[in-house]
Every structure is written in structure tokens, then in C-alpha cells.
Amino acid sequence: AWGVPQAQTLFAVIRESPLGTRLAAATEIHCERPFLVQADGAIVEGVADVWAREPDGTVLIADWKTGTLHGPDDPGYALQQAIYALAGLRAGASVVETAWCHVAHEGAVVAGRYGVGDAEALEERVRGALGGLVAGHLRRHRPALRAAATGRGGARQHGGRGSRRAGGGDGSVVFRR
């Protein structure tokens, strides 16, 4: 179980890490920054834990993974990174770096770097996931969609007609047609 001593230790580890150093040097930081991305006629809505602009213009998107169910090697996080990177590129960044910090796994960081030339491949990845969701193939996409949303919970229908939510209920990613 997590308590104050573990949280303090982890905070110190992250603060002194390369990720912490980069965030401290950022020229602009937004916490819990909402975004929308359109792909193949669908809208993907998300909330980035940290969205920072570095002095060289790179957008650094950090996400704190606090659950213990999925570790840093879970391939489903690749979809979430694709969605967030695409959002950063569509917002005008020429370079986006994603950093998923796995709090329950001793602060392990899974990072990705994406440039404007990667936007088409990122969009294709998101379209592929959306196609499965809209077609009702949730079982095949469930791990990736669960990770894309919150890193926990299962895929389920949510909201009005034509909308589905993937994840555990915090609403961080909503897919709408």
C-alpha cells in the first residue's frame, strides 16, 4: 500500500530525474490540459496530466501512471501515446515527446519522440483503434483502448447515441462519431 513515505520518496526521485529537470526548465506548463483530436470523422477527447513547452519549442507531455495493474511494458500505452502525440502535433508543435511515468513501478519512464513527419502514422494508429471500437470489436482492442483512456477499467458504452468511452470512468478519453 502507498503511504506518505513512498509518495515523498517517489516525488524526490522524479524531481531529480531527467524528466523532472526538463519540466522545471519548461517555459510553459499546463496541468490537466484538455484536448480534442479528430481522426476519421471521430473526435477523441483527452486530458494530459502535464503539457509543457520546452525552451526549444518541443512539447513534452507527461502522464503519471499510478495503477499497479499495467506496467511500463504494457503495449496498450502505445495507443495513448499516439493520441497524445497527435494532439501535440495538431496543436502546432513540430516535435512532441511523451513521457509516461509509472509511479507504482519505481518511477519507470516510457518515452516517445514524434515529429511532424510522424503525424500520418500516428493518425493511422488512432484510426485503426477507432475502427475497431465503432465496429464493436471491443474485445480485440480492449487492452489498448483501456490504456488509452486511463490505464485501468474496461471498455464500455457511454453517453448518447454514437459515443463510447474506453476506460475506468474518469472520462480522460471519449470517442464520438
Atom pair [atom1] ([X]) and [atom2] ([Y]), whose distance is rounded to the nearest 0.5 Å:
X: Glu28; Y: Arg33; atom1: CD; atom2: CZ; result: 6.5 Å
X: Leu86; Y: Phe35; atom1: CG; atom2: CZ; result: 9.0 Å
X: Arg22; Y: Glu97; atom1: CZ; atom2: CD; result: 4.0 Å
X: Ile83; Y: Ile61; atom1: CD1; atom2: CD1; result: 11.5 Å
X: Glu123; Y: Arg90; atom1: CD; atom2: CZ; result: 4.5 Å
X: Gln8; Y: Arg15; atom1: CD; atom2: CZ; result: 10.5 Å

If two hydrophobic side chains count as joined below 4.5 Å and joins carry through other members, does Leu60 share a cluster with Trp64?
yes

If Ile, Leu, Val, Met, Phe, Trp and Tyr residues are connected whenever their side-chain heavy atoms lie under 4.5 Å apart, and connections chain through other members, are Val95 and Ile29 in the same group?
no

If you define the side chain from C-beta out and look only at heavy atoms, does anything of Val110 sit under 4.5 Å from Lys65?
no

May I ask you to test the Val44-Val126 pair for a side-chain heavy-atom distance under 4.5 Å?
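SC-SC contact between Val44 and Val126 confirmed.
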
Starting from the C-alpha separation in whole Å, work towards a yes-or-no answer on side chain to side chain contact (heavy atoms under 4.5 Å, CB included) for Leu19 and Cys101.
CA-CA 9 Å; Leu19 176 59; Cys101 184; 4.3 Å; yes

Do you know the tightest heavy-atom contact between [X] and [Y]?
X: Ala129; Y: Leu79; result: CB-CD2, 3.7 Å
X: Gln81; Y: Thr98; result: NE2-OG1, 3.0 Å
X: Val116; Y: Ala93; result: CG2-O, 4.1 Å
X: Tyr84; Y: Asp63; result: CE2-OD1, 4.2 Å
X: Ala62; Y: Asp49; result: O-CB, 3.4 Å
X: Leu89; Y: Gly115; result: CD1-O, 3.5 Å

Measure from the side-chain N and O atoms of Gln80 to the backbone N and O of Trp100, and report whether any donor-acceptor pair falls under 3.5 Å.
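No.
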
Verify the neighbour count for atom CD of Glu32: are there more than 12 heavy atoms of other residues, nucleotides or ligands below 6.0 Å?
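For Glu32, atom CD is crowded (more than 12 foreign heavy atoms under 6.0 Å).
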
